[in-house]
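Scroll down for the structure; my scribbles are underneath it.
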Amino acid sequence: RRRGAPLAERLAELIEQIEHVRPPVGKLDVALYRDDYPERHPVVRPTELPYDVTGKDIVLVDEVIFTGRTVRAAIDALMDLGRPASIQLAVLLDRGHRELPIRPDYVGKNVPTSRAEHVHTHLTELDGEDAVFITRDEGTDVGK
């Protein structure tokens, strides 16, 4: 429930401009479904889905896909709420290094990285700007 929600809202707005129908948008909290819980001591936020997911075609939206573990957690959380007809995945950035057999259906940009690098996204809605930063473990900027 961080940057995927504002991106989903943006996509819904764009779809509405083209199709003249706005798809419903929800917010899914996956904190308790992560496989690194309880080591991370997650902050749990409410899930906000204004519709029943059963029988619906669902598009999960995330800003960056890395190992695939967050997406797996999102799918588990979604399945606890019902049985969708289908689930697709849209990501802004795909940085590779998958640990699970999960592949996005829609990718804004592939950004090859090393495991020693971190990808940080900024969105206007949360950060006042749209930007992507890549840093190395030692904290030095690789580029914007």
Side-chain angles (χ1 to χ4, degrees), residues 1-136 141-144:
R1 278 207 44 175
R2 291 180 32 207
R3 287 171 171 77
L7 288 175
E9 289 289 347
R10 287 186 191 187
L11 289 172
E13 287 174 22
L14 291 170
I15 290 168
E16 183 177 28
Q17 289 172 12
I18 296 166
E19 299 292 332
H20 307 293
V21 175
R22 183 182 181 86
V25 176
K27 297 175 184 174
L28 188 63
D29 184 49
V30 303
L32 295 177
Y33 291 87
R34 293 183 51 100
D35 60 8
D36 55 358
Y37 171 77
E39 296 102 28
R40 290 185 62 150
H41 306 292
V43 174
V44 178
R45 296 178 179 91
T47 288
E48 300 170 22
L49 290 178
Y51 47 86
D52 180 7
V53 300
T54 300
K56 303 286 191 313
D57 295 313
I58 304 293
V59 179
L60 293 173
V61 179
D62 206 355
E63 79 274 18
V64 178
I65 186 167
F66 181 35
T67 62
R69 292 181 181 278
T70 301
V71 174
R72 189 227 25 101
I75 292 169
D76 286 350
L78 196 58
M79 297 302 282
D80 274 355
L81 298 172
R83 189 176 189 279
S86 68
I87 302 173
Q88 294 183 330
L89 175 61
V91 298
L92 181 63
L93 303 170
D94 184 345
R95 62 172 293 192
H97 304 286
R98 221 70 81 238
E99 294 175 358
L100 299 172
I102 293 175
R103 180 178 301 240
D105 299 283
Y106 311 99
V107 177
K109 180 142 181 82
N110 288 294
V111 181
T113 62
S114 76
R115 286 192 169 272
E117 293 173 326
H118 301 277
V119 176
H120 307 276
T121 56
H122 285 195
L123 297 177
T124 302
E125 296 88 340
L126 302 173
D127 309 298
E129 68 174 341
D130 286 334
V132 175
F133 300 91
I134 300 175
T135 58
R136 294 193 190 281
D141 276 346
V142 174
K144 178 177 178 180

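The figures here come from the full heavy-atom set of this structure, side chains too, leaving out hydrogens, waters and symmetry mates. Because the structure is a prediction, the values reported are computed rather than measured.
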Distance col, row I58:CD1 vs L49:CG, nearest 0.5 angstrom, shows 7.5 Å
Looking only at heavy atoms, the pair that brings R10 and T124 closest together is NH2-N, 3.6 Å
Closest non-hydrogen atoms of A77 and D29, given as atom of the first, atom of the second and distance, are CB-O, 4.2 Å
- Message: I'd like to check R98 versus I65 (side-chain heavy atoms, cut-off strictly below 4.5 Å). Are they in contact?
- Response: yes
H118 meets the ring pair (Phe, Tyr, Trp, His ring centres under 6.0 Å) criterion, sequence neighbours left out, with none
Interatomic distance, CZ@R72 vs CD1@I102, rounded to 0.5 Å, equals 8.0 Å
R22, CZ: over 12 other non-hydrogen atoms inside 6.0 angstrom: yes
Is there a side-chain contact between L93 and E63, using heavy atoms and a 4.5 Å cut-off? no
Here the gap from K27 atom NZ to E9 atom CD, rounded to the nearest 0.5 Å, amounts to 6.5 Å
Checking D62 side chain against G4 main chain: does a donor-acceptor pair fall under 3.5 Å?
no
- Query: Given I87 and M79, is the side chain to side chain contact (heavy atoms under 4.5 Å, CB included) satisfied, shown in steps?
  - Reply: CA-CA 10 Å; I87 302 173; M79 297 302 282; 4.2 Å; yes
| task | Give the intermediate values and the outcome of salt bridge (charged side-chain N to carboxylate O under 4.0 Å, His left out) for residues D35 and R69. | result | CA-CA 7 Å; D35 60 8; R69 292 181 181 278; 2.3 Å; yes
For D52 and L81 the tightest heavy-atom approach is OD1-O, 4.1 Å
(request) Using the side chain to side chain contact (heavy atoms under 4.5 Å, CB included) rule, take V111 and V132 through it: C-alpha gap first, then chi angles, then the decisive distance, then the call. (result) CA-CA 10 Å; V111 181; V132 175; 5.9 Å; no
Item to complete: Kindly indicate whether the side chain of L60, heavy atoms from C-beta on, has any atom under 4.5 Å from the side chain of L28.
Response: yes
Heavy-atom side-chain proximity of L123 to D130 below 4.5 angstrom:
yes
- Message: Can you confirm whether V25 sits close enough to V61 that some side-chain heavy atom of one is under 4.5 Å from a side-chain heavy atom of the other?
- Response: no
dist R136:CZ -> T113:OG1 (nearest 0.5 Å) comes out at 10.5 Å
One should read off an interatomic distance between Q88 CD and Y106 OH, to the nearest 0.5 angstrom, of 3.5 Å
S114 and R95 have their tightest heavy-atom pair at O-NH2, 2.9 Å
- Query: Is any side-chain heavy atom of Y33 closer than 4.5 Å to a side-chain heavy atom of L78?
  - Reply: no
For A74 and V30, the nearest pair of non-hydrogen atoms, with its separation, is CA-CG1, 3.3 Å
Note: Q17 and H20 closest approach over all heavy atoms is O-CE1, 3.8 Å
Interatomic distance, CG@L126 vs CZ@R3, rounded to 0.5 Å, equals 5.5 Å
